[in-house]
Structures are given as C-alpha cells and as structure tokens.
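Worksheet for the structure shown next.
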Number of protein chains: 2
Amino acid sequence: MRGKAPPKQRSGCPISIALEIFGDSWSLLVVRDLMFKQRRTFNEFLSAEENIATNILSERLARLESNEIIEKHQDPNDARRYIYRLTEKGIALAPVLVEMILWSAQHETTAAAPDVVAEMTAHKGRFLLRVRQEWARIKLP
Amino acid sequence: MRGKAPPKQRSGCPISIALEIFGDSWSLLVVRDLMFKQRRTFNEFLSAEENIATNILSERLARLESNEIIEKHQDPNDARRYIYRLTEKGIALAPVLVEMILWSAQHETTAAAPDVVAEMTAHKGRFLLRVRQEWARIKLP
DNA sequence: GCAGATTGCTTGCATTTAGCAAGTAATACG
DNA sequence: CGTATTACTTGCTAAATGCAAGCAATCTGC
C-alpha cells in the first residue's frame with residue numbers, strides 16, 4: 001500500500017534524495033531493527049530501547065513502505081499482526097548502517113560490542129555478505 | 001564555541017547516537033558541501049540548490065560545531081565572514097556519505113554523474129583516500 | 001458465545017521544530 | 001559617510017513530534 005505521492009524533490013543530489021527518504025531520527029532505527037535485531041512487528045519495534053511513540057512509528061512504517069524500503073504482510077497465524085521485511089532496496093542500506101556504526105564506535109562513546117565492531121572493521125565485506133544472506137533466508141508466508 | 005550540552009541519549013546504540021547528531025534532513029548536506037563542493041562559508045551553504053532557511057542553517061552549523069564535526073574560523077581578510085572546515089571526526093563521515101550516494105544512485109533517479117558513481121563503485125578506497133587528501137590540503141589561516 | 005486481552009493503530013491536544021520574511025549588528029568599500 | 005555585505009536573529013505561522021487515551025478488529029480461554 002502506498003502513501004501519498006512525495007512532493008517535488010529539493011534537488012537531484014543523491015545525498016539530498018536519501019535524506020528526504022530517511023533523514024530523520026527514527027526511520028533508520030526501524031531498518032536497524034529489521035536488519036540486525038530480528039524485530040519484525042509493530043510491538044517489537046516499540047520494544048526497542050529508544051521508546052518511539054506509536055503515532056511516529058506508524059507514520060515511519062508507512063513512509064518506508066511507500067518508499068519500497070520495507071514490505072508489510074499480514075501474519076497468517078494472527079490477522080491482527082503484520083510482519084515487516086526489508087526489500088532488496090532496504091537491505092541495500094546495510095553498507096550505510098555499517099559505516100554509521102563504525103563512525104560512531106570510533107568517535108562517540110557507544111554500547112557497541114567491541115568484538116563486533118572489530119569484526120566489522122576488519123572484515124566488512126564478509127559481515128555485509130552475512131547480513132544479506134540472513135535477510136535472504138527469511139521466508140514470508 | 002559550544003552550544004548547550006545535549007540531553008541524555010535515548011540509547012547507546014551507535015546508529016541511534018549517530019542519528020541524534022545528524023539524523024535530520026539538513027546536517028549531512030552541510031557536511032557534503034564541505035567535503036565535495038568546496039563550499040566553506042554561510043553564504044556558500046545558502047547557495048546550494050536545496051534552499052535551506054537561514055535560521056535552520058545557523059542552527060545546524062552550531063550543532064555540527066558543538067558535536068566537533070566542523071570547526072569555525074573568522075576570515076582574516078574579512079572579519080564579517082567565517083570559514084568552516086571539517087574536523088577529523090567530520091571527514092571520517094566520508095564513507096557514510098559515499099555509501100548513501102551509491103545507494104541513491106542505484107535505487108533512485110538522481111542527478112549524480114554516472115562516471116563519478118562508476119568510479120566510486122569500482123574504486124571506493126581510492127576515492128575515499130583522495131577525499132581525505134584534499135581535506136588535508138586545506139589550510140586555515 | 002462472550003468477556004477480557006491484544007494488536008495496531010487513530011485522535012486530540014500541547015509542545016517543539018521548521019521555515020518565511022523582515023530586521024539587525026558588525027564590517028567593508030568607494 | 002552612505003551603501004552594501006555577512007551572518008545571523010526575530011516574530012510569526014505552519015508542520016511535525018509526542019503524550020495519553022481511546023478504538024476496531026481479532027484472539028483466547030472458559
């Protein structure tokens with residue numbers, strides 16, 4: 001399901017376009033949870049430490065779906081629940097998130113596990129391959 | 001000069017921390033202009049195609065300086081003007097921006113030059129090294 | 001079959017942020 | 001010294017954020 005058509009872009013710059021899609025403080029956290037945290041439902045996203053508001057989460061999910069970064073499927077076992085999954089376009093954000101993790105781990109005080117950061121740094125390509133493989137293993141009903 | 005101390009972080013996650021610093025739709029455009037566009041002053045940032053408002057630009061420059069991503073120096077030739085420069089922490093954002101460019105170039109319609117994108121894709125390490133070398137060549141008075 | 005619980009929101013409201021247009025202090029220039 | 005420039009600030013409005021409460025659809029256990 002699509003949201004309303006986005007307004008005219010402010011420029012053709014790839015960075016500006018990317019920021020118009022996910023340049024806010026919550027969207028990439030949803031992508032993070034799908035990519036790294038095995039969270040796939042509305043309530044699982046709500047349970048993250050950052051405490052997003054329900055109206056904000058709902059709005060961000062709609063926009064990410066509208067931008068084809070995630071897809072939404074009804075849970076066959078419970079019609080109330082929806083299961084989200086990253087699309088190809090969404091999993092392609094992995095290198096962006098990995099570089100953000102590496103930048104923060106080096107320049108800020110974070111809670112990132114040092115061994116994970118060390119592996120990301122030393123074997124970035126392998127780490128990214130594994131992330132994509134795990135994404136590909138997820139089957140939807 | 002520092003702004004006020006940032007409030008308590010919403011989590012220790014490196015992605016969340018990064019988004020608290022630059023997870024809005026303008027901050028990384030300032031970093032882009034310093035990194036790739038040889039823009040260094042308030043008016044040069046204003047001249048970018050995206051048409052940022054002056055109060056927003058002022059606020060973002062203050063926050064980026066407060067977060068030690070950019071540094072601000074008075075122009076010795078004109079005391080009204082300030083020259084901005086990326087810090088070490090700021091130039092370290094280059095891999096993040098490059099991955100955003102590559103992601104957008106592949107998944108959105110952008111105005112990015114295909115030859116530049118091709119070179120970034122094929123020789124990412126070399127491209128990043130050159131970006132850092134050009135940053136290192138910038139001298140401040 | 002129904003009461004209570006769950007899921008995924010929506011709603012109303014207060015607060016904060018974004019952004020427009022105008023204005024200002026400090027500085028430069030001819 | 002008058003005019004222009006630079007980097008903002010200000011007042012205001014519109015939009016976004018986020019809280020707390022509420023709701024429709026669905027599920028579960030008795």
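Below, chain A is the first sequence line, B the second, and so on; all start at residue 1. Computed from a prediction, not measured in an experiment: that's the story for all the values here.
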Grab the two heavy atoms, one from B:Thr41 and one from B:Tyr84, that are nearest each other, plus how far apart they are.
CA-CD1, 4.5 Å
Name the residue closer to the 5' end of DNA chain C, choosing between B:Arg60 and A:Arg81 according to the nucleotide with the nearest heavy atom.
A:Arg81
Whole angstrom is fine here: how far is it from CD in B:Glu50 over to C1' in C:dA18?
16 Å
Return the minimal non-hydrogen interatomic distance between B:Met35 and B:Gly90, and the atom names on each side.
CE-O, 3.7 Å
B:Ile52 has an atom CD1; how far is it from atom C1' of C:dA18, in whole Å?
10 Å
In whole angstroms, the gap separating C1' of C:dT7 from CZ of A:Phe45 amounts to 14 Å
Shortest side-chain distance from B:Phe42, nucleotide among C:dC20, C:dC9, D:dC8
D:dC8
Has B:Trp26 got a side-chain N or O lying under 4.0 Å from the OP1 or OP2 atom of C:dA18?
no
Could you note down all residue pairs passing side-chain hydrogen bond (donor to acceptor under 3.5 Å, both in side chains) where residues 97-106 of chain B supplies at least one of them, sequence neighbours left out?
B:Glu99-B:Lys124
Distance check needed: C:dT17 C1' versus A:Glu59 CD, whole Å only.
15 Å
Specify the separation, in whole Å, of atom CD1 of B:Ile56 and atom C1' of D:dA16.
12 Å
May I ask you to verify whether the side chain of A:Ser58 and the base of C:dT10 hold a donor-acceptor pair under 3.5 Å?
no
Contact class for A:Asn55 (heavy atom, under 4.0 Å): base, sugar-phosphate, or nothing?
base
Between A:Lys89 and A:Glu71, is there a salt bridge with N-O shorter than 4.0 Å?
no
Report the distance from atom CG of A:Leu61 to atom C1' of C:dT10, rounded to the nearest whole Å.
15 Å
Per-nt protein contacts along nucleotides 23-30 of chain C (heavy atom under 4.0 Å; B base, S backbone sugar-phosphate only, - none) come out as ---BBS--
Whole-Å distance between D:dA20 P and A:Leu46 CG?
14 Å
How many Å lie between OH on B:Tyr84 and C1' on D:dT6, as a whole number?
11 Å
Identify whether the distance between the nearest side-chain nitrogen and carboxylate oxygen of B:Arg63 and B:Glu20 falls below 4.0 Å.
no
Any donor-acceptor N/O pair under 3.5 Å between C:dT7 base and A:Thr41 side chain:
no
Which atom pair, heavy atoms only, marks the closest approach of A:Ala92 to A:Pro95?
O-CD, 3.3 Å
Kindly give the heavy-atom pair with the smallest separation between A:Ser25 and B:Arg10, and that separation in Å.
O-NH2, 2.6 Å
